[in-house]
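See below for the structure under consideration.
Residue numbers begin at 1 in each chain, while the letters A, B, ... track the order of the sequences.
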Amino acid sequence: MSNDNNNATENENKPSNFIREIIDEDLKTNKYEGRVNTRFPPEPNGYLHIGHAKSICLNFGLARDYGGKCNLRFDDTNPTKEEQEYVDSIKADIAWLGFDWEDREYFASDYFDQLFEYALILIKKGKAYVDSSTGDEIREMRGMPTKPGIESPYRDRSIDENLELFEKMKSGDFKDGEHVLRAKIDMTSPNMNMRDPIMYRIRHASHHRTGDKWCIYPMYDWAHGQSDSVEGITHSICTLEFENHRPLYDWFIENIGIYAPQQIEFARLNLNYTIMSKRKLLKLVEEGYVDGWDDPRMPTLSGYRRRGYTPASIRNFAESVGVAKRNNVIDVSHLEFSVREDLNKSAQRIMAVLRPLKIVLTNYPDDQVEELEAVNNPEDESMGKRKVPFSKFLYIEKDDFMEDPPKKFFRLSPGKEVRLRYAYIIKCEEVLKDPETGEITELHCTYDVDTKSGGPASGRKVKATIHWVSAEHAVEADVRLYDRLFIHPDPAGDKETDFLEHLNPNSLEHLGNCKLEPFASGLQEADRVQFERLGYFCVDSINDEGKLLFNRTVTLRDSWAKISKKNN
RNA sequence: UGCCCCGUGGUGUAAUGGUAACACAGAUGACUCUGGAUCAUUCGUUGGGGGUUCGAAUCCUCCCGGGGCAGCCA
């Protein structure tokens, strides 16, 4: 049932975008000998989220469509934040999304030796120097966006002295922070990134891959472009905040004198009612506001996977949001549309009663059980049919009965009729209540024998058809319903308010007494089904007693919900 | 307030000097043994001023608005 379409080869709806235009132009002018080589460069300091999915689909999609390649490269230049666990999860998530980096799995740390050699070149050219100022001093001298910086007193050290000090930095003669290697560019540049940016810092920290081999680590700016260059990347696609880094990216490559890829920036994906910052997501995980990186309420790929999203639905979503340079906030309804569209075509239907209300069919023979035929998926005839047992004692959804219904309520109420899906039309004759609490405990109904589905009078129309489960045959299950994690459309938008204050206290509801038709007993972990009239659900796990636990992926579109909301 | 980027319906994205389009969302209706799906209809937009042009969302210019940059983070 979990037949994930796990190759992202389908030619989904793909409007052009400015990046494709750049590539088209480069191909026309033969700028890179007709090559297209992109890369997806995550830092292994957290789990991938839906924003990364956009970048993955973009980079791998471009490579696929232009007959090029896309590398996976871990940008692991900061040993204090990075872990193997994240490397593993990132690879798993990309593979799940349906993309294949083949044998091109690289790490910035693969290039530490090469980067060191490049640094030597710049030092020898008099274009890099060891600065022995403190962090505070460097910050001070950098100036402000509106004010030029001033040059460090160490800026004019001799090449020999720089060479010697840099070697000593590498060999561990200094403590953290004693020196840095800086590029000698222009302390008065209006672009802060060009004010003698730091290339290396001393960090006596163990790296998840290089261990204790290094105690100097390259900064992002010093590592990224050169890594691109070494790999022969043609189009180095990154997000908008790196726009001001491009002159530096180009400067390093030009001054070392190596192959020059082209950096292109696009607007990252933002979704309302959630956050995308890895730092904040980490906080939710570490402080227990969610169950982990893969909590189904998280915007992580592992969260969506556990929630029941299909890879194709996320790919389609990522394609449909487009690529541009303007900041954007996408409404979650786009994402929800994307899963529903996919699951509607593929999901097995079953009947499930989440909040059971007992029904007795007073005129139905006591011991009779009928096997009724039900359609597995009305959108896909090839999925066939199944049998559903019907008997005198049934459960229906509490929401499907109202003792005192409003105008447009079409479902069951005293004296009214509804059709039980695939079964009979029934009529509510009597409402039984708990004498203490007044709570409705049971409904006595009669059924109309002639109205059996497919039978002679089955054409008789009633306003509504509701789902049901035979009490004696019901499979017990737990179900988790999810709502948005935050009540605020932009939880992190207001710098004054802690984003945690916008958490939705009702983002998770656990239902422990759900009744499912017998078909459910054959379900496996990660299987996705539609509970008719309710939504799409995914098997989270099955406990030792064999009891199923479901996560609700997304509700069905629900026009009644809108009507009843309007009435309130 | 130095530099860089960006302003197209409620949201996102197209239109690349020639009728402003597509999707989502909303509304209405048809159909329906899922108030689902499907189908039809509908709502609504080029931030503002000036300029170039037969013709401007598109080119120029000024203004306004939004975002980014002051980590030894990426």
Quiz item: Is the centre of the A/His245 ring less than 6.0 Å from the centre of the A/Tyr249 ring?
Solution: no
Self-check item: A/Arg533 vs B/G35: side-chain N/O to OP1/OP2 distance below 4.0 Å
Solution: yes
Quiz item: In the 5'-to-3' direction, what one-character label does each nucleotide of nucleotides 40-45 of chain B receive under the scheme B = base within less than 4.0 Å of a protein heavy atom, S = sugar-phosphate only, - = no such atom?
Solution: ------
Quiz item: NA contact type, A/Ile330, heavy-atom cut-off 4.0 Å: base, sugar-phosphate, or nothing?
Solution: sugar-phosphate
Quiz item: Between the side-chain atoms of A/His334 and the base atoms of B/U11, is any donor-acceptor pair under 3.5 Å?
Solution: yes
Quiz item: Between B/A74 atom P and A/Ile90 atom CD1, what is the distance in whole Å?
Solution: 15 Å
Quiz prompt | Rounded interatomic separation in angstrom, taking CD1 from A/Ile138 and C1' from B/C72 | solution = 7 Å
Quiz item: Would the A/Phe116 and A/Phe166 ring centres measure less than 6.0 Å apart?
Solution: yes
Exercise. Please state whether the phosphate of B/A74, meaning OP1 or OP2, lies under 4.0 angstrom from any side-chain nitrogen or oxygen of A/Thr77.
Key: yes
Quiz item: Do A/Asn316 and A/Ser338 meet the criterion of a side-chain donor-acceptor pair at a distance under 3.5 Å?
Solution: no
Practice problem: Measure the distance from NE2 on A/His467 to P on B/U32 and round it to the nearest whole Å. | Solution: 22 Å
Quiz item: Any side-chain donor-acceptor pair under 3.5 Å between A/Asp131 and A/Ser133?
Solution: yes
Quiz item: Quick one: do the A/Asp331 and A/Ser333 side chains pair a donor with an acceptor below 3.5 Å?
Solution: yes
Quiz item: If you measure from the C1' atom in B/U46 to the same atom in B/G65, how many Å do you get, rounded?
Solution: 15 Å
Exercise. Give RNA chain B the dot-bracket treatment, 5' to 3': Watson-Crick (N1-N3 with N6-O4 or O6-N4) or G-U (N1-O2, O6-N3) under 3.5 Å, [ ] crossing, | other strand.
Key: .((((((..((((....[..)))).(((((.......)))))....(((((..]....))))))))))).....
Exercise. For nucleotides B/U41 and B/G55, find the distance between their P atoms and express it as a whole number of Å.
Key: 35 Å
Self-check item: Nearest to side-chain heavy atoms of A/Phe337, which nucleotide of B/G2, B/C24, B/G35
Solution: B/C24
Self-check item: For atom CD1 of A/Ile216 and atom P of B/C72, their distance in whole Å
Solution: 16 Å
Quiz item: Can you find a side chain N or O atom of A/Arg557 that sits less than 4.0 Å from OP1 or OP2 on B/U34?
Solution: no
Quiz prompt | A/Ser470 side, atom OG; A/Glu370 side, atom CD - distance, nearest 0.5 Å | solution = 11.0 Å
Quiz item: Is any N or O donor-acceptor pair between the side chain of A/Glu379 and the base of B/U38 shorter than 3.5 Å?
Solution: no
Self-check item: Which nucleotide in B/G2, B/C73, B/U13 has an atom nearest any side-chain atom of A/Pro190
Solution: B/G2
Exercise. Mind calculating the distance between CZ (A/Phe410) and P (B/U34) to the nearest angstrom?
Key: 14 Å
Self-check item: Whole-angstrom distance between B/U1 and B/U8, as gauged at atom C1'
Solution: 30 Å
Quiz item: 5'-most contact on RNA chain B: A/Ala267 or A/Val180, nearest heavy atom basis?
Solution: A/Ala267
Exercise. Tell me which of A/Glu243 and A/Gly135 sits closer to the 5' end of RNA chain B, going by the nucleotide each one is nearest to.
Key: A/Glu243
Quiz item: Does a donor on one side chain sit under 3.5 Å from an acceptor on the other, for A/Glu336 and A/Tyr309?
Solution: no
Self-check item: A/Arg326 side-chain N/O to B/U46 phosphate OP1/OP2 under 4.0 Å
Solution: no
Practice problem: Enter syn or anti for the glycosidic conformation of B/G10, syn applying to angles within 90° of 0. | Solution: anti
Quiz prompt | Sub-6.0 Å ring centroid separation between A/Phe390 and A/Trp468 | solution = yes
Quiz prompt | Sugar-phosphate only, base, or nothing, as touched by A/Lys463 at under 4.0 Å among non-hydrogen atoms | solution = nothing
Quiz prompt | Any A/Arg268 side-chain N or O less than 4.0 Å from OP1/OP2 of B/G68 | solution = no
Practice problem: Would you kindly say whether A/Ser236 and A/Arg39 are connected by a side-chain donor-acceptor distance under 3.5 Å? | Solution: yes
Quiz item: Between A/Gln530 and A/Glu532, does any side-chain donor sit less than 3.5 Å from a side-chain acceptor?
Solution: no
Quiz item: Do the side-chain N or O atoms of A/Arg139 get closer than 4.0 angstrom to the phosphate oxygens (OP1, OP2) of B/G71?
Solution: yes
Practice problem: Could you tell me whether A/Thr134 contacts a base, only the sugar-phosphate backbone, or nothing, with contacts defined as non-hydrogen atoms closer than 4.0 Å? | Solution: base
Quiz prompt | Integer angstrom distance from the C1' of B/G47 to that of B/A57 | solution = 12 Å
Quiz item: Distance under 6.0 Å and angle within 45° of the ring axis: does A/Arg484 meet both against A/Tyr273?
Solution: yes
Practice problem: Give a yes/no on whether any side-chain N or O of A/Arg419 is located under 4.0 angstrom from OP1 or OP2 of B/U32. | Solution: no
